[in-house]
Enquirer: 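Structure provided below as structure tokens; questions to follow.
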Amino acid sequence: MAMNYSEAVMDHFTNPRNVGEIEDASGCGTVGNAVCGDIMRVYLDIDDDGIIQDAKFKTFGCGAAIATSSMATVLVKGKTVQEALEVTNKAVMEALDGLPPVKVHCSLLAEEAIHAALWDYAEKNGIKIEGLEKPVTDISEHDHDHDVEDEDEE
Ligand code: FES
């Protein structure tokens with residue numbers, strides 16, 4: 001049952017870039033996916049001009065999550081916070097020459113963790129980043145529509 005991973009995915013999985021933490025990060029975000037149990041944390045170092053100088057990640061995630069986070073951190077470095085919002089999971093997958101369909105959800109972990117880190121940065125600095133929505137901590141909620149029953153009521 002071989003899956004077709006691109007060379008780029010294998011490269012970023014076996015030799016991930018930007019693994020680690022940033023002390024006193026400008027923004028830090030953690031998200032998980034309750035369905036697969038994987039967790040991702042992203043740290044961003046953002047300068048006074050709003051340019052992302054450094055990005056690092058730590059994950060308790062699968063190979064595809066590692067590869068996509070590696071690529072996502074590579075892509076956001078040197079960008080403004082606004083430009084970083086364009087580093088969507090689709091952009092990351094394109095940069096990696098695709099992912100097998102069952103692994104596409106893994107790429108959301110990177111995107112959402114970056115958004116969470118940007119949100120943290122914005123909150124710390126009392127600014128608003130146009131187009132950035134409040135992140136969720138469990139991205140598997142994104143897979144469903146928001147018709148959650150209220151179970152507290154009897
Ligand atoms: Fe959970 Fe890939 S299986 S992130």
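As the structure lists them, so they are numbered: ligands from 1, and atoms in each ligand from 1.
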Enquirer: Do Leu132 and Val136 share a hydrophobic cluster, counting only Ile, Leu, Val, Met, Phe, Trp and Tyr and linking them when any side-chain heavy atoms are less than 4.5 Å apart?
Expert: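 Per the 4.5 Å side-chain linkage, Leu132 and Val136 are co-clustered.
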
Enquirer: Mind checking whether Asn33 has a heavy atom under 4.0 Å from ligand 1?
Expert: no

Enquirer: Step through the shown structure and confirm whether more than 12 heavy atoms of other residues, nucleotides or ligands are within 6.0 Å of NZ on Lys90.
Expert: no

Enquirer: With respect to His12, which candidate in Ser70, Ser6, Ser69 satisfies the side chain to side chain donor-acceptor pair (under 3.5 Å) definition?
Expert: Ser70

Enquirer: Looking at atom 1 (Fe) of ligand 1, is one of the N, O or S atoms of His105 less than 2.8 Å from it?
Expert: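 His105 does not place any N, O or S atom closer than 2.8 Å to atom 1 (Fe) of ligand 1.
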
Enquirer: In ligand 1, which numbered atoms sit nearer than 4.0 Å to a non-hydrogen atom of Cys36?
Expert: 1 (Fe), 3 (S), 4 (S)

Enquirer: Against heavy atoms of Asp38, which atoms of ligand 1 measure under 4.0 Å?
Expert: 1 (Fe), 2 (Fe), 3 (S), 4 (S)

Enquirer: Report whether any nitrogen, oxygen or sulfur of Cys62 sits less than 2.8 Å from atom 2 (Fe) of ligand 1 (N, O or S, backbone or side chain).
Expert: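 Given the 2.8 Å cut-off, Cys62 counts as a ligand of atom 2 (Fe) of ligand 1.
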
Enquirer: Give a yes or no on whether Ile22 and Leu118 share a hydrophobic cluster (residues Ile, Leu, Val, Met, Phe, Trp, Tyr; joining criterion: side-chain heavy atoms under 4.5 Å apart).
Expert: no

Enquirer: So does Cys106 have any N/O/S atom less than 2.8 Å away from atom 2 (Fe) of ligand 1?
Expert: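 Checking atom 2 (Fe) of ligand 1 against Cys106, an N, O or S atom does fall under 2.8 Å.
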
Enquirer: Below 4.0 angstrom from a heavy atom of Leu109, which ligand 1 atoms are there? Numbered from 1 as shown, please.
Expert: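 So the atoms of ligand 1 that pass are 4 (S).
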
Enquirer: Regarding Asp11 and Arg17, does a basic nitrogen lie under 4.0 Å from an acidic carboxylate oxygen?
Expert: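 Looking at Arg17 together with Asp11, the answer is yes, because their closest N to O distance falls below 4.0 Å.
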
Enquirer: Just one of Arg41, Lys58, Lys56 clears the side chain to side chain donor-acceptor pair (under 3.5 Å) bar with Glu21, so which one?
Expert: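 Per the side chain to side chain donor-acceptor pair (under 3.5 Å) rule, the option paired with Glu21 is Lys58, out of Arg41, Lys58, Lys56.
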
Enquirer: Looking at ligand 1, would Lys103 count as a contact under a 4.0 Å heavy-atom criterion?
Expert: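 Yes, Lys103 has a heavy atom closer than 4.0 Å to ligand 1.
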
